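Data block below; observations after.
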2 protein chains.
Amino acid sequence: MDKIKTENTETEILIAAKEIFQQKGMAGARMQEIADKAKINKALLHYYYRSKQLLFEAVFKSAFSLLAPQLNKVLNDDSDLFEKIRKFTENYVSFVIKHPYLPNFVIQELNKNPEFVQKLRSEKNFPSIEKFKLQVSDAINQGIIKPIEAEQLFINIISLNIFPFIGEPLLMALVNMDKESYNKILENRKTEVAEFIINSIKI
Amino acid sequence: MDKIKTENTETEILIAAKEIFQQKGMAGARMQEIADKAKINKALLHYYYRSKQLLFEAVFKSAFSLLAPQLNKVLNDDSDLFEKIRKFTENYVSFVIKHPYLPNFVIQELNKNPEFVQKLRSEKNFPSIEKFKLQVSDAINQGIIKPIEAEQLFINIISLNIFPFIGEPLLMALVNMDKESYNKILENRKTEVAEFIINSIKI
DNA sequence: ATATAGTTTAACTATTTGGTTAACAAAATT
DNA sequence: AATTTTGTTAACCAAATAGTTAAACTATAT
């Protein structure tokens, strides 16, 4: 079957490219290495994706389309503010275990190529903070939480959840732990981080 | 004067290499570009630093030796716990303005090369968390702060301070702000972050 | 069976890139 | 002043790398 075969190869390439690009970045990745990992001839990469740049963009968009729903769990979910902070924090660890290099990859490539943001912004499902802002100001008005800018709270939530993974090699060294102990720390954060945040803002 | 001329060239190379490596990473940097920026012949790079790898290591160590004292402001400073959280948070923003690419560079290259940590650990001035751990358990025993693992608190402090810079392109897009507004947010964090942390842990 | 359209590969090309060499220039040493 | 040492450059080299081509192969439709 033509269709299936094509889709398989195309998907195999994307899977292989994801792994290589996410571990080594655009500059560090080699087309040959991607071809090897996908077990195909290098020319096929170009047959399906034309160039390294286009293959990279396919990988990048695919990566972001996995990350966006995670972020939307904080920004565009109907549940109660405290509840969603708890849920997001718990979920995020599992998400990163499934896609260890993904958040770092997205952030890193955005740093090297900030104009890339434009391409993402225009796409559907790009997270919007508006709903979250309303929810925060509601909670403040109702006297549930102390006054805080929604943006600051959002940045805090994201920072506390994402950075421990991105900074893992550095943090592991600083707290003087091996991988195993550090993983326990991360595991504890599933609940610790949410309580840390809620403690800070609740009245 | 031989000595002065040599030191100038060597320093010029290091300055140029810092800029290029920190913006483009090890894989993305080009020796020719470094030479151009330092306004010298490419062969001189090899004359002074032998190889790209060694030049990179010189830059990396130099970068880390700037970052380490910052981290030590949290870990090995004599002042009161709340006081040092406030001071660190305020200082850190100024530090990053002076060295915008530095923290991201260090973290990024550690991620691509985790065994690099060993090289740093053995060096003098590598921050140690021991003193901070004592300080935290003292504060807990004295009923000043709620029980919390020192490692978790440390990770929180670092995350809240470093991530908003590393994730800047992503966060800017998510909170839907331009550079100017986002800078104001960062400026506010000089005090906001410390209060956020202290609010969470104080009794 | 055979033409057709899509898929895959081996071999090749052009360019980039880290690194070297040999000659030259400038200081330092004698 | 002559010689040695150090600093600098232009030209070069070999390996790596993204991308191309043309031919072979495969499956399907006619």
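Fair warning: this is a prediction, and the values are worked out from it, not measured in the lab. Every chain is numbered from 1, with letters handed out A, B, ... down the list of sequences.
Taking 4.5 Å as the limit, every side-chain heavy atom of Val74(B) sits out of range of all side-chain heavy atoms of Ile85(B).
In the set dT8(C), dT6(D), dG18(C), the nucleotide with an atom closest to the side chain of Tyr47(A) is dT8(C).
Listed by first and then second residue, the side chain to side chain donor-acceptor pair (under 3.5 Å) pairs that reach into residues 22-43 of chain A are Glu19(A)-Lys37(A), Lys24(A)-Glu33(A), Gln32(A)-Asp36(A), sequence neighbours excluded. Evaluation of the side chain to side chain donor-acceptor pair (under 3.5 Å) test over residues 70-89 of chain B, restricted to residues two or more places apart or in two chains, returns Asn72(B)-Asn76(B), Asp77(B)-Ser79(B), Asp78(B)-Lys131(B), Lys84(B)-Gln135(B), Arg86(B)-Glu195(B). Applying the ring-ring contact (aromatic ring centres under 6.0 Å, His included) definition to pairs two or more places apart or across chains, those involving residues 14-45 of chain B are Phe21(B)-Phe56(B). Annotation: side chain to side chain donor-acceptor pair (under 3.5 Å) contacts involving residues 100-112 of chain B, sequence neighbours excluded, are absent.
For the pair Gln53(A) CD and dT17(D) P, the interatomic distance rounds to 18 Å; values are reported in whole Å. For His46(B) and dA14(D), the NE2 to P distance is 16 Å, given to the nearest whole Å. In this structure, CG of Leu45(B) is placed 10 Å from P of dT9(D), rounded to the nearest angstrom. If you measure from atom NZ of Lys52(B) to atom P of dT16(C), you get 16 Å, rounded to the nearest angstrom. Between Ile13(A) atom CD1 and dT8(C) atom C1' the separation is 11 Å, expressed in whole Å. Rounded to an integer number of Å, the gap from Gln32(A) CD to dG19(D) C1' is 12 Å.
Contact annotation: Tyr48(B) reaches the phosphate of dT8(D) (side-chain N/O to OP1 or OP2, under 4.0 Å). Side-chain N/O atoms of Ser51(A) include none lying less than 4.0 angstrom from OP1 or OP2 on dA18(D).
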Extract all donor-acceptor atom pairs below 3.5 Å that involve side chains of residues 148-170 of chain B and protein atoms in other chains or at least two apart in sequence.
residue   : atom : partner   : partner atom : Å
Glu151(B) : OE2  : Lys133(B) : NZ           : 3.2
Gln152(B) : OE1  : Arg189(A) : NH1          : 2.9
Gln152(B) : NE2  : Ile185(A) : O            : 3.1
Asn156(B) : OD1  : Arg189(A) : NH1          : 2.9
Asn156(B) : OD1  : Arg189(A) : NH2          : 2.7
Asn156(B) : ND2  : Gln152(B) : O            : 3.4
Ser159(B) : OG   : Ile155(B) : O            : 2.7
Asn161(B) : ND2  : Ile157(B) : O            : 2.9
Glu168(B) : OE2  : Lys179(B) : NZ           : 2.9

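A parallel orientation is assigned to the rings of Phe64(B) and Phe60(B), their planes being inclined by less than 30° (bins at 30° and 60°).
Contacts between residues 33-44 of chain B and DNA chain D, defined by a heavy-atom separation under 4.0 Å, are made by Ile40(B), Asn41(B), Ala43(B), Leu44(B). Within residues 23-30 of chain B, no residue approaches DNA chain D, by heavy-atom distance under 4.0 Å.
By the side-chain contact (heavy atoms from CB on, under 4.5 Å) test, Ile97(B) pairs with Val93(B), sequence neighbours left out. Taking the ring pair (Phe, Tyr, Trp, His ring centres under 6.0 Å) definition, one finds that Phe196(A) meets it with nothing, sequence neighbours left out.
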